[in-house]
Colleague: 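Here you go, one structure.
Because the structure is a prediction, the values reported are computed rather than measured. Counting begins at 1 with the first residue of the sequence.
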Amino acid sequence: MNFDLLETEMRKLALEAGDVIMEIYNSEDFDVRAKSDDSPVTAADEAADALISAGLRAAFPDVLLVTEEQADSHSEQASAFLIVDPLDGTKEFIHRRGDFTVNIAYVRDGMPIRGVVYAPAKGRMFFTRADGTSVEEQGPFDKTAIGTVSPIAVSTPDNANLVVVASKSHRDQATDDYINKYAVKDMTSAGSSLKFCLVATGEADIYPRVGRTMEWDTAAGHAVLKGAGGEVVRFDDHSPLTYGKPIYENPFFIAHARGVELKKA
């Protein structure tokens, strides 16, 4: 894999998809339909998926592409693959809350090693560089050239005063029960894969997810967090969260800065 090309292509396609998404987001109205699993989908999901898929297939024709919106891809497997959630946080998009992202990642040998997370409504862009380190780019964004970037790194956590980030749309009692095991200084909420990015930048120390997710929901954020020195582990035994699982479904997990003293489930 040419990681310089991967970096520039993933970033460019995320920005292009963001433009398509925001055009629909800012329109007066848009249709919302239910998929077979009852999750919502909009024209923005589908338009962004078509754009990203075409771009990745043109640039990397020999690499398996797995994307949320193409069910046929969910039964395919490979040791290395690209994985896409063209619009993560569809509920946030529908309610015009802004916390939605474009997620594109590259997985090799079970681990997401490169990724981009772009939040077009918030103007925040996070990605892994060709060398595997993670940065946040300051806008305005030029699709043809990377602008000013700042390296990002996880916090050095104080286990007596932790900052926890949790889901806006999927918060439940089980999540609260687990969070209550920690000494929490502050709580914040965010939608989509922005939660990984808040841990990656040190704005939060830990993000527990007690609920169903798929690999396309997490891979890009996981890559960004990994490149910032963080970790994502299974909720049950704290072993590393891996990728390429059957139907690309995740177990519950915990994303955290190194040094957080993880509690048992």
Colleague: Applying the 4.5 Å side-chain criterion to the ILVMFWY set and letting contacts propagate, would V165 and Y182 be lumped into a single cluster?
Modeller: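 No, V165 does not connect to Y182 through the hydrophobic network.
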Colleague: Run the numbers on M10 and R114 for side chain to side chain contact (heavy atoms under 4.5 Å, CB included), then give the verdict.
Modeller: CA-CA 9 Å; M10 288 199 305; R114 300 292 185 274; 4.0 Å; yes
Colleague: Give a yes-or-no answer on whether the side chains of T148 and E137 include a donor-acceptor pair shorter than 3.5 Å.
Modeller: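 Result is no, nothing qualifies.
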Colleague: Assess the side chains of N250 and E215: does a donor N or O sit below 3.5 Å from an acceptor N or O?
Modeller: no
Colleague: How close do M187 and A166 get, heavy atom to heavy atom, and via which atoms?
Modeller: CE-CB, 4.2 Å
Colleague: Do T218 and V232 have side-chain heavy atoms sitting under 4.5 Å apart?
Modeller: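 They are not in side-chain contact.
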Colleague: Might you point out which heavy atoms bring A219 and P112 nearest each other, and give the distance in Å?
Modeller: O-CB, 3.4 Å
Colleague: Judged by modelled atom types alone, do S193 and D217 share a side-chain donor-acceptor pair under 3.5 Å?
Modeller: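 Looking only at side-chain atoms, D217 and S193 do not form any donor-acceptor pair under 3.5 Å.
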Colleague: Got a sec, which hydrophobics cluster with V163, joining ILVMFWY side chains under 4.5 Å apart, including via others?
Modeller: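 In the cluster with V163 there is nothing else; it is isolated.
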Colleague: Assigning hydrophobic clusters by single linkage (Ile, Leu, Val, Met, Phe, Trp, Tyr; side-chain heavy-atom cutoff under 4.5 Å), is V107 placed with V233?
Modeller: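 No.
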Colleague: Roughly how far, to the nearest 0.5 Å, is the CG atom of L225 from the OG atom of S134?
Modeller: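 Atom-to-atom, S134:OG and L225:CG are 8.0 Å apart.
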Colleague: Check the pair E92 / S192 against side chain to side chain contact (heavy atoms under 4.5 Å, CB included), numbers first and verdict last.
Modeller: CA-CA 8 Å; E92 307 299 323; S192 69; 5.8 Å; no
Colleague: Are L5 and L51 in one and the same hydrophobic cluster, where Ile, Leu, Val, Met, Phe, Trp and Tyr link if side-chain heavy atoms are under 4.5 Å apart?
Modeller: yes
Colleague: Could you tell me whether E203 and K195 have a side-chain N and a carboxylate O separated by less than 4.0 Å?
Modeller: no
Colleague: From K185 NZ over to D158 CG, what is the distance, rounded to the nearest 0.5 angstrom?
Modeller: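 Rounded to the nearest 0.5 Å, the NZ-CG separation comes out at 7.5 Å.
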Colleague: Heavy atoms only: give me the nearest A17-A48 pair and the separation to one decimal.
Modeller: CB-CB, 4.0 Å
Colleague: Would you indicate whether the side-chain heavy atoms of T128 and T133 approach each other to under 4.5 Å?
Modeller: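 Not touching, per the 4.5 Å side-chain cut-off.
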Colleague: Would you be so kind as to tabulate the donor-acceptor pairs closer than 3.5 Å made by side chains of residues 255-265, with sequence neighbours excluded?
Modeller:
| from | atom 1 | to | atom 2 | distance (Å) |
| --- | --- | --- | --- | --- |
| H256 | NE2 | E231 | OE1 | 3.4 |
| R258 | NE | G229 | O | 3.4 |
| R258 | NE | E231 | OE2 | 3.2 |

Colleague: Under the ring pair (Phe, Tyr, Trp, His ring centres under 6.0 Å) test, which residues partner F141, sequence neighbours left out?
Modeller: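 In terms of ring pair (Phe, Tyr, Trp, His ring centres under 6.0 Å), with neighbours along the sequence ignored, F141 is linked to Y118.
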Colleague: In this structure, would L6 and V116 fall into the same cluster of hydrophobic residues linked by side-chain contacts under 4.5 Å?
Modeller: yes
Colleague: Could you give the distance from CD1 (I94) to CG (D45), rounded to the nearest 0.5 Å?
Modeller: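 Rounded to the nearest 0.5 Å, the CD1-CG separation comes out at 7.5 Å.
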Colleague: Which of parallel (below 30°), tilted (30 to 60°) and perpendicular (above 60°) describes Y248 and W216?
Modeller: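 Because their plane-to-plane angle lies in the 30° to 60° range, the rings of Y248 and W216 count as tilted.
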Colleague: According to the interplanar angle, ranging from 0 to 90°, do the rings of F196 and H222 count as parallel (below 30°), tilted (30 to 60°) or perpendicular (above 60°)?
Modeller: parallel
Colleague: Hey, are the side chains of I254 and H238 touching, using non-hydrogen atoms and a 4.5 Å cut-off?
Modeller: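 The answer is yes, as the side chains (C-beta and beyond) meet within the 4.5 Å cut-off.
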Colleague: When you compare the side chain of Y106 with that of M1, does any pair of heavy atoms fall below 4.5 Å?
Modeller: yes
Colleague: Would you confirm whether S53, through its side chain, and A50, through its main-chain N or O, come within 3.5 Å as a donor-acceptor pair?
Modeller: no
Colleague: Without hydrogens or angle criteria, can the side chains of D49 and T67 be said to hold a donor-acceptor pair below 3.5 Å?
Modeller: yes
Colleague: Which residues pass the salt bridge (charged side-chain N to carboxylate O under 4.0 Å, His left out) test with D142, sequence neighbours left out?
Modeller: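 Applying salt bridge (charged side-chain N to carboxylate O under 4.0 Å, His left out) to D142 gives none.
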Colleague: Could you walk me through whether R97 and D99 pass salt bridge (Lys or Arg N to Asp or Glu O under 4.0 Å), step by step?
Modeller: CA-CA 6 Å; R97 289 197 288 249; D99 276 16; over 6 Å; no
Colleague: Taking the side chain as every heavy atom from C-beta outward, state whether V164 and P208 have any atom pair closer than 4.5 Å.
Modeller: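 Answer yes - side chains close enough.
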Colleague: Which ILVMFWY residues can you reach from L194 by hopping between side chains whose heavy atoms are under 4.5 Å apart?
Modeller: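 Hydrophobic cluster check, L194: joined to V117, F126, I152, V224.
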Colleague: Tell me whether M125 is reachable from I146 by hopping between hydrophobic residues (I, L, V, M, F, W, Y) whose side-chain heavy atoms are closer than 4.5 Å.
Modeller: yes
Colleague: Look up atom CD in E68 and atom CE in M214, then write down how far apart they are to the nearest 0.5 Å.
Modeller: 8.5 Å
Colleague: For D72, does the CG atom sit with more than 12 other heavy atoms under 6.0 Å from it, leaving out its own atoms?
Modeller: no
Colleague: Using only atom types and a distance under 3.5 Å, with no angle test, would you say the side chain of T101 pairs donor to acceptor with the backbone of N103?
Modeller: no
Colleague: Looking at P240 and R234, what are the two nearest heavy atoms and their distance?
Modeller: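 Smallest heavy-atom distance, with atoms named: O-CG, 4.2 Å.
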Colleague: Would K245 count as a cation-pi partner of Y243, with NZ or CZ less than 6.0 Å from the six-membered ring centre and within 45° of the ring normal?
Modeller: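 Verdict for Y243: a cation-pi partner in K245.
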Colleague: Taking C-beta and beyond as the side chain, do F100 and D88 meet within less than 4.5 Å on heavy atoms?
Modeller: no
Colleague: Is the CD atom of E23 crowded by more than 12 outside heavy atoms at less than 6.0 Å?
Modeller: no
Colleague: How far apart are the C-alpha atoms of R209 and L241, what are their side-chain angles, what is the distance that settles it, and do they pass the side chain to side chain contact (heavy atoms under 4.5 Å, CB included) test?
Modeller: CA-CA 12 Å; R209 181 56 185 262; L241 181 69; over 6 Å; no
Colleague: For residues 79-86, which side-chain N or O atoms pair as donor and acceptor with protein atoms under 3.5 Å away, sequence neighbours left out?
Modeller:
| from | atom 1 | to | atom 2 | distance (Å) |
| --- | --- | --- | --- | --- |
| D85 | OD1 | L87 | N | 3.3 |

Colleague: Determine, for R11 against E7, whether the closest basic-nitrogen to carboxylate-oxygen distance falls under 4.0 angstrom.
Modeller: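 No, this pair does not count.
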Colleague: Show your reasoning for whether side chain to side chain contact (heavy atoms under 4.5 Å, CB included) applies to V102 and I21.
Modeller: CA-CA 9 Å; V102 179; I21 289 167; 3.7 Å; yes
Colleague: Determine whether D131 and F3 make a side-chain contact, defined as any pair of heavy atoms from C-beta on separated by less than 4.5 Å.
Modeller: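 Side chain of D131 against side chain of F3, heavy atoms only: no contact under 4.5 Å found.
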Colleague: Report the C-alpha distance between Y25 and F30 in whole Å, list the side-chain angles of each, state the deciding distance to 0.1 Å, and finish with yes or no for ring pair (Phe, Tyr, Trp, His ring centres under 6.0 Å).
Modeller: CA-CA 8 Å; Y25 183 73; F30 49 81; 7.4 Å; no
Colleague: Got K143 and D19 here, is their nearest side-chain heavy-atom distance under 4.5 Å?
Modeller: yes
Colleague: At what distance, to the nearest 0.5 angstrom, does CD of Q138 lie from OG of S150?
Modeller: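 Spacing of CD (Q138) from OG (S150) equals 4.0 Å.
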Colleague: How long is the gap from CD on E9 to CD1 on I52, to the nearest 0.5 Å?
Modeller: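 Reported value, rounded in 0.5 Å steps: 12.0 Å.
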Colleague: So which of F235, F252, Y207 actually passes ring pair (Phe, Tyr, Trp, His ring centres under 6.0 Å) with Y178?
Modeller: F235
